[in-house]
Participant: 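What follows is a structure written as structure tokens; I'll ask about it next.
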Amino acid sequence: MARRIDVTGAGGVRLAAWEFGDPPKTDPTDPASDHPQAPEKRSPGVLLLHGLMGRASHWASTARWLSERYRAVALDQRGHGQSDKPPRAAFTRDAYVEDAEAALEQLGLAPTVLIGHAMGALTAWQLAARRPDLVRGVIICDMRASALGAASQREWAEWFKAWPVPFATLADVRKWFGEDDPWVERPNPARGEFYAEVMAESPDGWRPVFEPEQMLSSRETWVYDAHWEELTQVRCPALVVRGLDGELGRAEAQEMVRVLPRGEYAEVADAGHLVHYDQPEAWRAAIEPFLDGLDGLGGGNTG
């Protein structure tokens, strides 16, 4: 099952939110559940935020097992997936954070657990810092808090130019991003599949569903700055997860945990930057204990 729900983000941008699993069912052994005047029990919420160039469907496997006990919703962020990509829209940090805030409020998910990958993780902890009333826990997946700098932005611009678009087939997409891309150190089929999910067929072949210029504009709003101060303002429990071969190094991840008022740490072996996509079972094993601990604290924000 994949159910789409449209929400309205900052500046009126239309965003597509997705549920990939059936919501949890009422416990049939609870005698109060059959009472005609029993209050409706609302499942706790989880909002999943993909990284730059990603889309909500990258969270599908995570969302399905989460839906056993949560209302888990994944958001196509502005410029991504099936959400709007207005040429004159803002692709600022404020816009992304305000979109996530609007989604929480319109979907009735708060107080929620925010799970973010890469840029989505930055959005998650920035929202948690600004609106602690909406967030009861944050999971940060392979996102650095340090400034990446101008050289990093130039490398990305050159990388986009190197893409051999349009791709003739999806098999070509999988091969290039999984093997031939100069950024790939060794064959990585999961990376090929990841990028195949963000391609759409056009008259001349397969092209990304996003505009590379909008991705660079989005990235430009955070790569020049460090984000340590915002981490200190996240009052709820927070889990920092890294892949052993990802972009977030162990020392920086552990410093993030130290800076977070209620930080915890986990790492996933044999995973690169796409932790949840590379190793879905190990990813689940890494985050479930944290979620169990949050549930033990109760449904409200304890920060």
Side-chain angles (χ1 to χ4, degrees), residues 1 3 5 17-33 38-50 56 59-75 100-101 103-117 120-121 123-125 127-143 231 233-242 253 256-257 260-268 275-276 279-303:
M1 166 189 144
R3 184 168 77 97
I5 309 160
W18 300 86
E19 290 181 295
F20 294 100
D22 294 321
K25 294 180 172 57
T26 305
D27 184 356
T29 64
D30 182 356
S33 65
E40 182 180 350
K41 290 187 177 181
R42 190 163 63 92
S43 300
V46 173
L47 183 67
L48 299 135
L49 299 169
H50 60 73
W59 290 115
S61 65
T62 297
R64 288 189 187 105
W65 65 259
L66 284 171
S67 68
E68 295 167 10
R69 57 177 176 172
Y70 303 101
R71 185 183 176 204
V73 179
L75 183 67
E101 179 181 350
L104 289 181
E105 293 177 333
Q106 291 170 41
L107 295 167
L109 291 177
T112 196
V113 179
L114 295 174
I115 302 179
H117 172 245
T123 300
W125 86 61
L127 177 55
R130 295 184 197 186
R131 291 294 308 272
D133 56 309
L134 297 180
V135 185
R136 68 187 186 98
V138 177
I139 296 178
I140 297 164
C141 179
D142 215 63
M143 178 61 187
L231 286 174
Q233 298 166 12
V234 176
R235 312 308 303 181
C236 63
L239 177 67
V240 178
V241 185
R242 62 177 291 267
M256 290 168 67
V257 171
L260 284 158
R262 301 170 70 181
E264 301 177 34
Y265 176 74
E267 61 184 32
V268 178
V275 183
H276 58 298
Q279 299 291 338
E281 292 304 319
W283 157 253
R284 177 174 181 171
I287 70 172
E288 267 196 312
F290 176 79
L291 294 170
D292 291 341
L294 286 181
D295 291 345
L297 292 174
N301 181 7
T302 59

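Just so you know, residue 1 is the first one in the sequence shown, and it goes up from there.
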Participant: Return the CG to SG distance between Leu114 and Cys236, rounded to the nearest 0.5 Å.
Facilitator: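 These two atoms lie 7.5 Å from each other.
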Participant: List the residues meeting ring pair (Phe, Tyr, Trp, His ring centres under 6.0 Å) with Trp59, not counting sequence neighbours, and say none if there are none.
Facilitator: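 Ring pair (Phe, Tyr, Trp, His ring centres under 6.0 Å) check on Trp59 returns His276.
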Participant: Tell me the closest heavy-atom pair linking Met256 and Leu231, and the distance in Å.
Facilitator: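 Nearest pair, atom of Met256 first, then Leu231: CG-CD1, 3.9 Å.
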Participant: For a quick test of reading the model, state the closest non-hydrogen atom pair linking Ser67 to Ala72 and the distance between them.
Facilitator: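 The answer is N-CB, 4.4 Å.
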Participant: Only pairs under 3.5 Å count here: list side-chain donor-acceptor contacts from residues 103-110, not counting sequence neighbours, and write none if there are none.
Facilitator:
from   : atom 1 : to     : atom 2 : distance (Å)
Glu105 : OE2    : Arg131 : NH1    : 3.3
Gln106 : OE1    : Thr8   : N      : 2.9
Gln106 : NE2    : Thr8   : O      : 2.7

Participant: Using salt bridge (charged side-chain N to carboxylate O under 4.0 Å, His left out) as the criterion, list what pairs up with Arg3, not counting sequence neighbours.
Facilitator: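 Per chain and number, Arg3 pairs via salt bridge (charged side-chain N to carboxylate O under 4.0 Å, His left out) with Glu19.
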Participant: Heavy atoms only: give me the nearest Arg235-Pro261 pair and the separation to one decimal.
Facilitator: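 So the minimum-distance heavy-atom pair works out to NH1-CG, 3.6 Å.
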Participant: Of the non-hydrogen atoms in Leu239 and Ala286, which two are nearest, and what is the gap between them?
Facilitator: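 That closest heavy-atom pairing would be CD2-O, 3.9 Å.
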Participant: Side chain to side chain contact (heavy atoms under 4.5 Å, CB included) with Pro237: which of Leu291, Leu260, Leu294?
Facilitator: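 Running side chain to side chain contact (heavy atoms under 4.5 Å, CB included) over Leu291, Leu260, Leu294 with Pro237 returns exactly one hit, Leu294.
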Participant: So, for Leu127 and Ala100, which heavy atoms are closest and what is the spacing to 0.1 Å?
Facilitator: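 Shortest heavy-atom separation between Leu127 and Ala100 comes out as CD2-CB, 3.9 Å.
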Participant: For Ala253, check side-chain contact (heavy atoms from CB on, under 4.5 Å) against everything at least two apart and list the hits.
Facilitator: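 Partners of Ala253 under the side-chain contact (heavy atoms from CB on, under 4.5 Å) test: Val240, Arg242, Leu248, Tyr265.
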Participant: What pair of heavy atoms forms the shortest contact from Pro132 to Ala129, and how long is it?
Facilitator: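 Looking at all heavy atoms of both residues, the closest pair is CD-O, 3.9 Å.
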Participant: Check whether any side-chain N or O of Thr112 sits under 3.5 Å from a backbone N or O of Gly45 as a donor-acceptor pair, and report yes or no.
Facilitator: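 Yes; judged by distance alone, with no hydrogens or angles, the pair exists.
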Participant: With sequence neighbours excluded, tell me which residues meet side chain to side chain donor-acceptor pair (under 3.5 Å) with Trp283.
Facilitator: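 Partners of Trp283 under the side chain to side chain donor-acceptor pair (under 3.5 Å) test: Thr62.
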Participant: Quick one: list whatever passes salt bridge (charged side-chain N to carboxylate O under 4.0 Å, His left out) with Glu288, sequence neighbours left out.
Facilitator: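 Testing Glu288 for salt bridge (charged side-chain N to carboxylate O under 4.0 Å, His left out), a comparison that skips the adjacent residues, returns Arg284.
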Participant: What's the separation between atom CG in Leu66 and atom OG in Ser43, rounded to the nearest 0.5 Å?
Facilitator: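 Separation between the atoms: 12.0 Å.
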Participant: Answer yes or no: is there a side-chain heavy-atom contact under 4.5 Å between Leu134 and Glu101?
Facilitator: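 SC-SC contact between Leu134 and Glu101 confirmed.
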Participant: Using a strict 4.0 Å threshold on nitrogen-to-oxygen distance, state whether Asp295 and Arg136 make a salt bridge.
Facilitator: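 Arg136 and Asp295: salt-bridged.
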Participant: Are Val268 and Val241 side-chain neighbours, meaning at least one heavy-atom pair lies under 4.5 Å?
Facilitator: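 Yes, side chains in contact.
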Participant: Is there side-chain contact between Leu48 and Leu75, with at least one heavy-atom pair below 4.5 Å?
Facilitator: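 They are not in side-chain contact.
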Participant: With sequence neighbours excluded, tell me which residues meet side-chain contact (heavy atoms from CB on, under 4.5 Å) with Ala56.
Facilitator: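 Only Trp18, Phe20, Ala74, Asp76 meet the side-chain contact (heavy atoms from CB on, under 4.5 Å) criterion with Ala56.
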Participant: Can you sort out the partners of Arg64 under side chain to side chain donor-acceptor pair (under 3.5 Å), two or more places apart, ordered by chain and number?
Facilitator: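 By the side chain to side chain donor-acceptor pair (under 3.5 Å) rule, Arg64 matches no residue at all.
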Participant: Can you tell me how far CD1 of Ile140 sits from CH2 of Trp125, rounded to the nearest 0.5 angstrom?
Facilitator: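 Reported to 0.5 Å precision, the distance equals 5.5 Å.
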Participant: Could you measure the distance from the CG atom of Leu49 to the CD1 atom of Ile115? Nearest 0.5 Å is fine.
Facilitator: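 Answer for the CG-CD1 pair, Leu49 versus Ile115, is 9.5 Å.
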